[in-house]
Amino acid sequence: MTENTLPTRSDRLESETRRKKRGVGLFLRDLVIIFVVALLISFMIKTFLIRSFYIPSGSMEQTLLLNDRIIVNQLQPGMFPVEHGDVVVFRDPGGWLPPQLPVEQNAIVAGIDWILSVVGLSAPDSNDHLIKRVIGLPGDHVVCCNALGQMSVNGVPLSEEPYVSLPPGETEVSKDDFDVVVPADSLWVMGDNRYNSKDSRYNGTTPGKGFVPMDNVVGRACVISWPLNRWGWLDDYPAVFSGVDEARD
């Protein structure tokens, strides 16, 4: 081996520099791949499994408060049926919400909000959706109110004290009486804040006549995720609706 075949100091430095550049390049490539994969997984979860919404009104107080954030299980009603007492998020069936003015944001805030919405951590379309509790399923006969101020489903009186919020001195669970039979593939929904909720009772003049098509249901709200001091599961209170399904049959 001659002296000309031995690597010089500059050769060694150049080789080391190339290795470092290659290492940095591989690291950046892996970082981009991990980010893209994480984004795709988050997008798939948001699209098919869960997503976040915030509460824009007080119609579900005291169960849900203004600006609470909730996690919605989107497997209902797709893979699992909607049940009595479920708190569901649904798209406006038409005429329930007033026209919404576009929210103006600067480019940076809008970009961040878009990225968060892709992964399900933001809900810029919350104002286009509603959230209520399911009272009547397809075929149910829902009537209010009896002599005790209760609502009944299929002739079974409901004791709704665990979740209904009424003004002081009021005992009837609805300010106005009604008597409806829920059509096929539809729901009768009501807010827990019964004297301050524009729900199925007050949308009888809309195209859907106050009923919510099952296809409009985005999913069941299952968790209050924010603020942290309110974190908790949302109950569907099966004991309240005990015997309702059997009475329909």
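Computed from a predicted model, the values in this text were never measured in an experiment. FYI, side chains are in, hydrogens and waters are out, and symmetry mates aren't considered; it's all heavy atoms of this structure.
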L130 side, atom CG; L97 side, atom CG - distance, nearest 0.5 Å: 4.0 Å
By side-chain hydrogen bond (donor to acceptor under 3.5 Å, both in side chains) - contacts of E172 (at least two apart): none
To the closest 0.5 Å, what do you measure between OG (S57) and CG (N67)? 10.0 Å
Contact summary for S52 and R69, nearest pair of heavy atoms: OG-NH1, 3.8 Å
Quick check for you: to the nearest 0.5 Å, what is the distance between T63 atom OG1 and Y237 atom OH? 5.5 Å
Main-chain N/O of G204 paired with T206 side-chain donor or acceptor, under 3.5 Å: no
Within this structure, what is the CZ-CG distance for the pair F90 and D215, rounded to the nearest 0.5 Å? 14.0 Å
Check: S165/R194 side-chain N/O donor and acceptor closer than 3.5 Å: no
Side-chain touch S152/N146, heavy atoms, less than 4.5 angstrom: no
Hphob cluster co-occupancy, V164 + F178, side-chain heavy atoms under 4.5 angstrom: yes
Between the side chain of N216 and the main-chain N/O of R91, is any donor-acceptor distance below 3.5 Å? yes
Residue pair Q150 / V173: nearest heavy atoms and the distance that separates them: C-CG2, 4.0 Å
Do M60 and D68 make a side-chain contact, defined as non-hydrogen atoms from C-beta onward lying under 4.5 Å apart? no
Cluster overlap V156 with V240, hydrophobic side-chain contacts below 4.5 Å: yes
Could you tell me whether a side-chain N or O of D199 sits under 3.5 Å from a main-chain N or O of R201, the two making a donor and an acceptor? yes
Find the distance between CD (Q62) and CG (N193) and round it off to the nearest 0.5 Å. 7.5 Å
Can you list the steps and then say if D176 with S174 is a side-chain hydrogen bond (donor to acceptor under 3.5 Å, both in side chains)? CA-CA 5 Å; D176 298 290; S174 176; 5.6 Å; no
Closest contact, heavy atoms only, A221 versus I70: CB-CD1, 3.8 Å
Intermediate values then yes/no, side-chain contact (heavy atoms from CB on, under 4.5 Å), W231 and I224: CA-CA 5 Å; W231 192 99; I224 300 174; 5.8 Å; no
Contact between V142 and M151 at the side-chain level, heavy atoms closer than 4.5 Å - yes or no? yes
Kindly compute the distance separating CD1 (I131) from OG (S59), expressed to the nearest 0.5 Å. 8.0 Å
Heavy-atom neighbours of D185 CG exceed 12 at 6.0 Å: no
Chi angles and distances behind the side-chain contact (heavy atoms from CB on, under 4.5 Å) call for H84, D236: CA-CA 7 Å; H84 292 107; D236 58 357; over 6 Å; no
Compare all side-chain heavy atoms of E160 with those of I135 and state whether any distance is below 4.5 angstrom. yes
Less than 4.5 Å apart, any side-chain heavy atom of V134 and any of V217? no
Would you say L166 ends up clustered with L158 if hydrophobic residues are merged whenever their side chains have heavy atoms under 4.5 Å apart, either directly or through other cluster members? yes
Does some side-chain heavy atom of V180 sit less than 4.5 Å from a side-chain heavy atom of F211? yes
Quick one: closest heavy-atom pair of L137 and D245, and the distance? CD1-OD1, 4.5 Å
If you take the centroid of each ring, where Trp contributes its six-membered ring, are H129 and F53 closer together than 6.0 Å? yes
Flag yes if V181 and M190 sit in one hydrophobic cluster, no otherwise; membership is Ile, Leu, Val, Met, Phe, Trp, Tyr, and two members link when side-chain heavy atoms are under 4.5 Å apart. no
I'd like to know if D192 and R133 make a salt bridge, using a cut-off of under 4.0 Å between side-chain N and carboxylate O. yes
Would you call the rings of F241 and Y163 parallel, tilted or perpendicular, taking 30° and 60° as the class edges? parallel
Just wondering, do M214 and L187 contact through their side chains at under 4.5 Å, heavy atoms? yes
State yes or no: do V212 and Y202 share one hydrophobic cluster built from I, L, V, M, F, W and Y residues joined by side-chain heavy-atom distances below 4.5 Å, directly or via other members? no
Kindly indicate whether the side chain of L65, heavy atoms from C-beta on, has any atom under 4.5 Å from the side chain of R230. yes
